[in-house]
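Order of the sequence lines sets the chain letters (A, B, ...), proteins ahead of strands, with each chain counted from 1. Remember, predicted model here, so these are calculated numbers, not experimental data.
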Amino acid sequence: SQQGEEDPQALSIQEGENATMNCSYKTSINNLQWYRQNSGRGLVHLILIRSNEREKHSGRLRVTLDTSKKSSSLLITASRAADTASYFCATPLNQAGTALIFGKGTTLSVSS
Amino acid sequence: KAGVTQTPRYLIKTRGQQVTLSCSPISGHRSVSWYQQTPGQGLQFLFEYFSETQRNKGNFPGRFSGRQFSNSRSEMNVSTLELGDSALYLCASSLEGNSAYEQYFGPGTRLTVT
């Protein structure tokens, strides 16, 4: 079963606007990761946030984590057409190993 | 450094056949994980290897198997293929064997079963 569930499933915005995606998960975690996938290709790691962190930035990306609500959000500021992709949150399967459980993803479409 | 490579990139097989997919991790990475991606089920974890040992296995039937070699390269095998096995199979490598490290994904192998 999916650990993380993203919301919304699809998002369409104009270039320059901000895009916010949310992720909810079910069990306690020690970190949460966000990945991007361009149309049927491999995933690209965007950011990892640890359970003791509340917010993390990387360029135009801002990720928040609320462990009390078991939720995370990914904000992309000043979106570009090149940001068009699917975005997934992922949480560890367990404490031992690298296996990840992915959500269904949010498909972001940025039009110029 | 070269990224994660997967071969072949595309594959068409017939029901009942078997298939072997290969993954070469980034040099120095010891952990390799495999995922299946389908439109209906999304990204699902298959198995994870670290230093030639399978550490985790997803909820897939025994027709799915894998292994890791001493050079960290990994293969996965699917026997008695079914139409539902059509998917994008993704391999990911990580420097160390815990989730605190980001994973680097290959481009995937797109398997079509007819």
Side-chain angles (χ1 to χ4, degrees), chain A residues 1-7 9-10 21 23-25 27-53 56 58 61 63 65 72 74 85-107, chain B residues 3-6 9-10 23 25-26 29-51 53-60 66 68 72 74 87-112:
Chain A
S1 63
Q2 306 295 113
Q3 162 75 305
E5 295 293 336
E6 286 91 341
D7 170 58
Q9 290 188 346
M21 290 158 259
C23 167
S24 61
Y25 57 92
T27 61
S28 296
I29 58 172
N30 50 26
N31 68 68
L32 182 144
Q33 302 181 42
W34 285 89
Y35 287 83
R36 183 188 76 222
Q37 183 179 37
N38 289 86
S39 191
R41 299 168 76 175
L43 279 74
V44 174
H45 181 268
L46 294 176
I47 201 162
L48 181 152
I49 185 165
R50 303 183 199 287
S51 59
N52 62 353
E53 298 175 308
K56 200 163 181 179
S58 176
L61 306 180
V63 168
L65 180 64
S72 173
L74 169 66
S86 292
Y87 292 81
F88 298 89
C89 68
T91 52
L93 173 65
N94 51 41
Q95 300 232 0
T98 59
L100 295 174
I101 302 298
F102 286 86
K104 290 275 191 181
T106 292
T107 299
Chain B
V4 177
T5 57
Q6 292 187 244
R9 292 290 313 278
Y10 302 91
C23 171
I26 290 173
H29 284 196
R30 296 190 293 166
S31 174
V32 173
S33 297
W34 288 89
Y35 298 85
Q36 180 197 64
Q37 185 176 29
T38 60
Q41 298 299 317
L43 278 156
Q44 293 189 289
F45 166 70
L46 278 159
F47 10 71
E48 174 201 341
Y49 291 90
F50 182 77
S51 293
T53 301
Q54 185 181 91
R55 295 211 299 188
N56 284 296
K57 189 176 190 301
N59 188 26
F60 279 82
Q68 185 181 34
S72 292
S74 178
L88 181 66
Y89 289 88
L90 293 163
C91 164
S93 76
S94 182
L95 181 62
E96 292 294 339
N98 66 70
S99 65
Y101 292 83
E102 67 181 271
Q103 295 197 37
Y104 295 82
F105 281 79
T109 293
R110 185 162 298 279
L111 171 65
T112 302

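Contacts between B/F47 and chain A at a heavy-atom distance below 4.5 Å are absent for every atom of the residue.
For the set A/V44, A/N94, A/I47, the count of heavy-atom pairs under 4.5 angstrom toward chain B peaks at A/N94. Annotation: maximal heavy-atom pairing with chain A below 4.5 Å, among B/F45, B/Y101, B/Y35, occurs at B/Y35.
No more than 12 heavy atoms of other residues, nucleotides or ligands lie within 6.0 Å of OH in B/Y104, so this atom counts as exposed by the packing criterion. With a 6.0 Å radius and a threshold of 12 heavy atoms from other residues, nucleotides or ligands, B/E96 has its CD atom above the threshold. Under a cut-off of 6.0 angstrom, the local environment of CG in A/N52 is crowded, with over 12 non-hydrogen atoms contributed by other residues, nucleotides or ligands.
With rounding to the nearest 0.5 angstrom, the CZ atom of A/R41 is 15.0 Å from the CZ atom of B/F105. How far OH of A/Y35 is from CD of B/E102: 6.5 Å, rounded to the nearest 0.5 Å.
Judged by distance alone, with hydrogens and angles left aside, the side-chain atoms of B/E48 form a donor-acceptor pair with the main-chain N or O of A/A99 at under 3.5 Å. No donor-acceptor pair closer than 3.5 Å links the side chain of A/K104 to the backbone N or O of B/L43.
A donor atom on one side chain and an acceptor atom on the other are found under 3.5 Å apart for B/S31 and A/T98. Checking A/Q37 against B/Q37 by side-chain atom types alone, a donor-acceptor pair falls below 3.5 Å.
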